[in-house]
**Q** 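Dumping the structure here so I can ask a few things about it.
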Amino acid sequence: MPAPETLSPTATAPLLCVVIPVFNEEPVLPELLERLQRVLGNLTKVRWEVVFVDDGSRDRTAAMLTAAAVLEARFKLVRLSRNFGHQPALTAGLAQAGLADAVVTMDADLQDPPELIPELVAAWQGGAEVVLAVRRSRQDAGLRRVGFDVFHRWFQRVSDFPIEANTGTFGLLARPAVAAINGLEERHRFFPGLRAWVGFKQAEVVYDRQERVAGTPGQTLRRLVRYALDGIFSFSYFPLRMMTYTGMFIAGCGFVVGAFFVMRRLLGQEVAFTGFTTLVTLILFLGGVQLIGIGILGEYLGRIYDETKRRPLYVVRSPESL
Ligand code: UDP
Ligand code: MG
């Protein structure tokens with residue numbers, strides 16, 4: 001057994017910061033804190049701290065984290081003024097972690113096991129600047145599951161540059177990558193996309209995504225769909241291109257049909273005044289296609305509008321608690 005002092009990291013050891021957005025996670029917190037402390041306490045070559053971002057929780061989450069921060073000085077708490085959502089909360093955490101040499105980003109619900117942190121750190125110390133925790137399997141069931149699968153498979157094809165499938169928030173960023181992501185000011189944030197966009201030397205660590213330990217997902221299905229749309233509209237022109245292709249196809253059909261009737265006319269075959277059903281169907285179909293097109297344009301336009309307003313992504317309630 002080495003002496004205890006050789007086990008604990010020196011004051012000049014690199015600093016690892018774990019950033020965790022937390023929203024109404026009261027039932028999970030005791031186990032999360034316990035497992036974090038155990039895993040991080042065993043790291044011998046780095047100093048560590050954890051930045052919890054309380055995203056306007058309405059249960060006792062903030063109180064519990066404040067109490068935990070009193071007992072363990074390396075647990076820090078940033079409180080947002082209301083519930084801003086997972087991505088803004090994560091952004092707030094990354095902003096607080098700018099001085100760390102590496103930042104681990106993870107969810108609070110223990111779907112991302114803290115026990116993987118040493119492997120992430122090892123990959124970083126092995127030279128990687130961005131370490132992705134890639135899900136080998138996931139426990140979600142039903143509609144969520146189908147949604148995740150369809151999204152990841154399809155998104156791979158349409159995104160403007162490769163974004164690793166089956167990755168989420170979980171992973172590690174070295175300081176240059178954190179700085180690069182913090183420098184991106186876009187409002188509709190899709191973290192896996194931003195992380196892929198900034199580049200740097202990547203490594204992967206594979207893990208099995210766990211079931212949420214307790215509580216219910218704060219990310220409702222509706223929010224997840226919105227998040228997926230953010231991913232698509234922020235990283236792909238595919239929907240716009242699809243509109244163009246659909247328009248060309250329909251215009252092509254129109255041309256062929258028009259040419260057909262002109263030919264019949266020229267050949268002296270009169271066109272009888274029937275086809276009410278066809279007309280109604282066509283009008284409704286084309287009206288629908290046009291509205292979908294306007295909707296897609298609107299998605300991009302709304303995002304442009306949000307960017308121009310330049311509102312901050314989140315408001316911090318108590319910076320003094322850091
Ligand atoms: N979260 C948050 N704000 C929200 C919703 C969720 O900070 O408005 C946190 C939540 O506490 C968790 C992480 O974001 O740590 C992921 O949320 P969740 O488990 O609900 O989502 P999913 O696992 O479905 O992605
Ligand atoms: Mg979860």
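Order of listing sets the numbers, starting from 1, for every ligand and every atom in it.
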**Q** Which of these passes ring pair (Phe, Tyr, Trp, His ring centres under 6.0 Å) with Tyr227: Phe233, Phe190, Phe191?
**A** Phe190
**Q** So, the side chain of Asn83 versus the backbone of Asp55: is there a donor-acceptor pair under 3.5 Å, distance only?
**A** yes
**Q** If the plane angle is over 60° it's perpendicular, under 30° parallel, otherwise tilted; pick one for Tyr300 and Tyr237.
**A** parallel
**Q** Would you say CZ of Phe285 has more than 12 non-hydrogen atoms from neighbouring residues, nucleotides or ligands within 6.0 angstrom?
**A** no
**Q** Under 4.0 Å from any heavy atom of Ala108, which atoms of ligand 1 are there?
**A** 12 (C), 15 (O)
**Q** Is it the case that Arg303 places NZ or CZ above or below the six-membered ring of Tyr305, under 6.0 angstrom from the centre and within 45 degrees of the axis?
**A** no
**Q** What part of Val22, side chain, backbone, both or neither, has a heavy atom within less than 4.0 angstrom of ligand 1?
**A** backbone
**Q** Does an N or O anywhere in Pro21 fall below 3.5 Å from an N or O of ligand 1?
**A** yes
**Q** Does any N/O atom on Ile20 come nearer than 3.5 Å to any N/O atom on ligand 1?
**A** no
**Q** Just let me know how Glu25 lines up against ligand 1, side chain, backbone, both or neither, with a heavy-atom cut-off below 4.0 Å.
**A** side chain
**Q** Considering just N/O/S atoms, say which atom of Asp109 is closest to the Mg ion (ligand 2).
**A** OD2
**Q** One residue to check: Asn83. Relative to ligand 1, which of side chain, backbone, both or neither has a non-hydrogen atom less than 4.0 Å away?
**A** side chain
**Q** Is the shortest distance from a Lys or Arg side-chain nitrogen in Lys309 or Asp306 to a carboxylate oxygen in the other one below 4.0 Å?
**A** yes
